[in-house]
Amino acid sequence: MLKGFNTILVKELKELIRDPKILIGMLVLPLVIFPVLGAVLGYASQTAIEQAQKATLLVVDNDQGNWSTTFINYLKSTGVKTTVINNTSPQQVVAQELLTKNNSTRFIEIPAGFSQNMTAHTNGNPAITATINVYGAFQGTSIFSDIGSTATNSIINSYNRVIAPDVLYTTQSTIIKGQIQKGIDPATLSGLMITQSIALPITIMIMLTYSMQIAATSVAMEKEEKTLETLLTVPVDRFAILMGKLSSTIIVAGIASVAVMIGYNYVLGSMTMGIPTATSINLVNLGLVPSAFGYFLLGISLFITLLSGLALAVIMSAFAEDVRGATALVGYIYPIIFIPAMALMYLDVNSLPMAVQAVFYAIPYSHPIIASKAVVLGDYLTVVLGIVYVAVFTIVIMYVASRLFATEKILTAKLRFKRRGIGKRQEQEE
Amino acid sequence: MSIAVDAKDLVKQFGNIRALDGLTFQISQGEIYGLIGPNGAGKTTTLRIISTLILPTSGTIRIFNQDPVTQAAQVRKIISYLPEEAGAYPNLTGNEYLTFMAKFNTNNTEELKQMTEEAAKICGLGERLKDKAKTYSKGMKRRLLVARALMTQPKLAVLDEPASGLDVLHAYHVRQIIKNYVKQHGVTVLLSSHNMLEVEYLCDRVALINKGKIIVEGKPDSLKTQYKSANLEEVFAKVVGYA
Ligand SMILES: Nc1ncnc2c1ncn2[C@@H]1O[C@H](COP(=O)(O)OP(=O)(O)O)[C@@H](O)[C@H]1O
Ligand SMILES: [Mg+2]
């Protein structure tokens, strides 16, 4: 055995375990993040299922034969809430916004000739099959957004089993921004979007945490290397010191924002997913990538969020005495960055319960992620409101930071806390 | 002669610790004035108030008729502060550090050059100024910082324990720097120390400070005569009642 190894190991462990920063970082955070994330996901799936059950299925009957009637009756017998309309083309359904009016997100069309084909098939002509056209509106990205369409498809398949195998086929189409995209399965599409919507949140998380570390370090370094005190007595505006520190990190973060935008654009534009049967899905052709204006807004959202993170990091590090302390302090913000980011990778913020939504909107760091989804759908209002909110938040934080730099607190914040503790002990001894 | 520092009834309360308890003193222009006292006496606190870093809880203070509380920006232009524990940026060279600091005091390239050259001369680090500060010994760093504090020819230099913790040679060098520079340029100096001999050697006038109060003040020689002591250490011991 290595001589002295045990002694050192025990001492190291003692020191690590007794350091509350490490204890919190290593144990408490994971124990908090995952249950909270689990609760959010569970809650969301619950709501999604309930909504799918409550949702109305719009049935457009353009056949009006005996088979379409039995099919509709079968649908009703399975407990699906259905609303039937006759003789309307899918284009008309979309144009007249019948989905919204019927409080639904999908419809099926029973095309003319349906009964004829069914009759032919059951009368011993197996080559002839019938088709039902399924249309789903694309609503944004969430792993639960296709619960409804999965349910619809499985009902149609079960009808197949009741009548005859292979009699009934479906075509899948997605309604994107008021346009019917034939042959694109909403479930596949939302799956594809999810794969991509993971890229941005992860990048944002890395960028935020990384630049916050840099900002915190640059203030803490001044304390650790004992250069701050001197700097505070030279003829320079205190605000200039703060802004100098922020700006250098902002420049780095700004370059990073642009790089992220370029990379994200590349991912969205280049990524196509082949579907074995039909044509491949191309997001650019579907209009599912942000417009130039959308990218612009997204960039601003990202930048301003970074700024708020940096300012907060600077404030927090002012309370630390050295780099290690600052890093640990800033680490306390990570859960509120990670939890929404991770949840929003898989969920659409609108699919969350109101209370959770409110929390997510209140956390500035979720806004670029919410924005990344909103710009795709052309929902610029959400993005702009988010930017305004984060900007206000940032201004408040910056104000606090500049106040902090203007007073002796920047020097004594932590010191005072510590000395007071010692002072009390001394008093007790007396 | 005009008054460089005028402090009246300075009180500083940190929570329930009274760091300064009614400190009053005056420094004339061109004087080297020393605050001496044990650790925790309130020396650093006093110097920090004068240097606009912290605010007094009560009392008034004027630096060449300017108030560090309400006119901090003006005061910062005429003073230079050397903190008790100070460092240089580890990844900047000594020269870069001096230039960086000098730029806060002048925009003029000619003046900038004069200041940094002056500093190079004062600190005597020679070629080592081209090396990064992280390669410096504690003594070299202190010499660099003392030179930084004096190169701007401040009207008042505030030096907190300028030579403490240094080996004999570096400490000697630092004291020489201060003594010579002040003679040449007529700078007013307020310094603190817990080294009585150092203070005796450097200062025109000293104040013995204990528990946030000045207990005696005067020229080193007259204090020694008054208390019939061989050195200031003895004076201090007699005044606080140890001897
Ligand atoms: N930032 C602070 N917070 C709380 N107490 C402080 C702070 N700075 C100094 N003190 C206390 O004030 C007293 C005087 O300290 P200081 O001025 O540093 O003494 P000196 O420089 O003479 O050793 C000490 O009791 C010290 O603990
Ligand atoms: Mg001190």
Side-chain angles (χ1 to χ4, degrees), chain A residues 214 217-245 247-249 318-324 326 402-430, chain B residues 12-19 40 44-45 47-57 68-69 72-92 97 100-107 133-134 138 141-142 144-146 148-149 152 154 156-158 160:
Chain A
I214 299 179
T217 306
S218 91
V219 173
M221 263 304 250
E222 297 266 2
K223 285 195 166 187
E224 188 169 299
E225 298 294 336
K226 306 269 186 275
T227 47
L228 182 64
E229 211 177 330
T230 312
L231 199 57
L232 294 177
T233 59
V234 299
V236 58
D237 202 319
R238 297 272 175 102
F239 195 59
I241 301 177
L242 175 65
M243 286 315 287
K245 297 222 161 282
S247 306
S248 55
T249 16
F319 288 90
E321 268 166 314
D322 50 24
V323 174
R324 191 178 117 132
S402 73
R403 293 307 305 153
L404 192 66
F405 262 73
T407 63
E408 62 186 64
K409 292 238 166 34
I410 183 74
L411 213 58
T412 58
K414 172 80 186 217
L415 260 176
R416 170 185 294 199
F417 176 69
K418 237 174 109 182
R419 298 245 168 119
R420 195 183 276 169
I422 293 170
K424 276 190 188 131
R425 229 173 290 143
Q426 280 171 346
E427 265 179 7
Q428 282 163 2
E429 281 165 12
E430 275 164 12
Chain B
K12 179 67 184 181
Q13 192 83 31
F14 289 112
N16 41 29
I17 297 173
R18 207 171 181 84
T44 298
T45 304
L47 302 195
R48 281 180 161 181
I49 290 175
I50 290 172
S51 312
T52 76
L53 282 170
I54 60 179
L55 301 177
T57 309
V69 178
Q74 280 92 317
V75 171
R76 284 177 198 146
K77 279 184 202 149
I78 54 171
I79 63 153
S80 223
Y81 175 55
L82 173 71
E84 181 174 356
E85 279 180 61
Y89 297 94
N91 290 313
L92 295 189
Y97 176 73
F100 169 73
M101 295 304 287
K103 276 185 182 161
F104 293 118
N105 287 78
T106 179
N107 293 322
K134 64 180 165 200
K138 191 175 173 192
K141 237 182 259 173
R142 201 66 179 162
L144 179 73
L145 295 173
V146 173
R148 188 300 292 175
T152 56
L156 173 70
V158 181
D160 199 353

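The chains referred to below are lettered A, B, ... by the order of the sequence lines, with proteins before strands, and numbering in each begins at 1.
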*Top residue by heavy-atom pair count (under 4.5 Å) with chain A, among B:Ala72, B:Pro90, B:Ser80?*
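Option with the greatest count: B:Pro90.
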_Option that, when pairs with chain B are counted at under 4.5 Å, heavy atom only, ranks first among A:Glu224, A:Lys226, A:Met221_ =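 Max contact count across the listed options: A:Lys226.
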Looking only at heavy atoms, which two atoms of [X] and [Y] are closest? And how far apart?
X: B:Ser51; Y: A:Thr233; result: O-CG2, 3.4 Å
X: B:Ala86; Y: A:Thr230; result: CB-OG1, 4.2 Å
X: B:Leu53; Y: A:Glu408; result: O-CB, 3.2 Å
X: B:Thr52; Y: A:Arg238; result: O-NH2, 3.6 Å

State, with a plain yes or no, whether a side-chain heavy atom of [X] is found less than 4.5 Å away from one of [Y].
X: B:Arg148; Y: A:Val234; value: yes
X: A:Glu229; Y: B:Glu85; value: no
X: B:Tyr81; Y: A:Leu232; value: no

*Where on A:Glu222 is there a heavy atom nearer than 4.5 Å to chain B: the side chain, the backbone, both, or neither?*
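The side chain, not the backbone.
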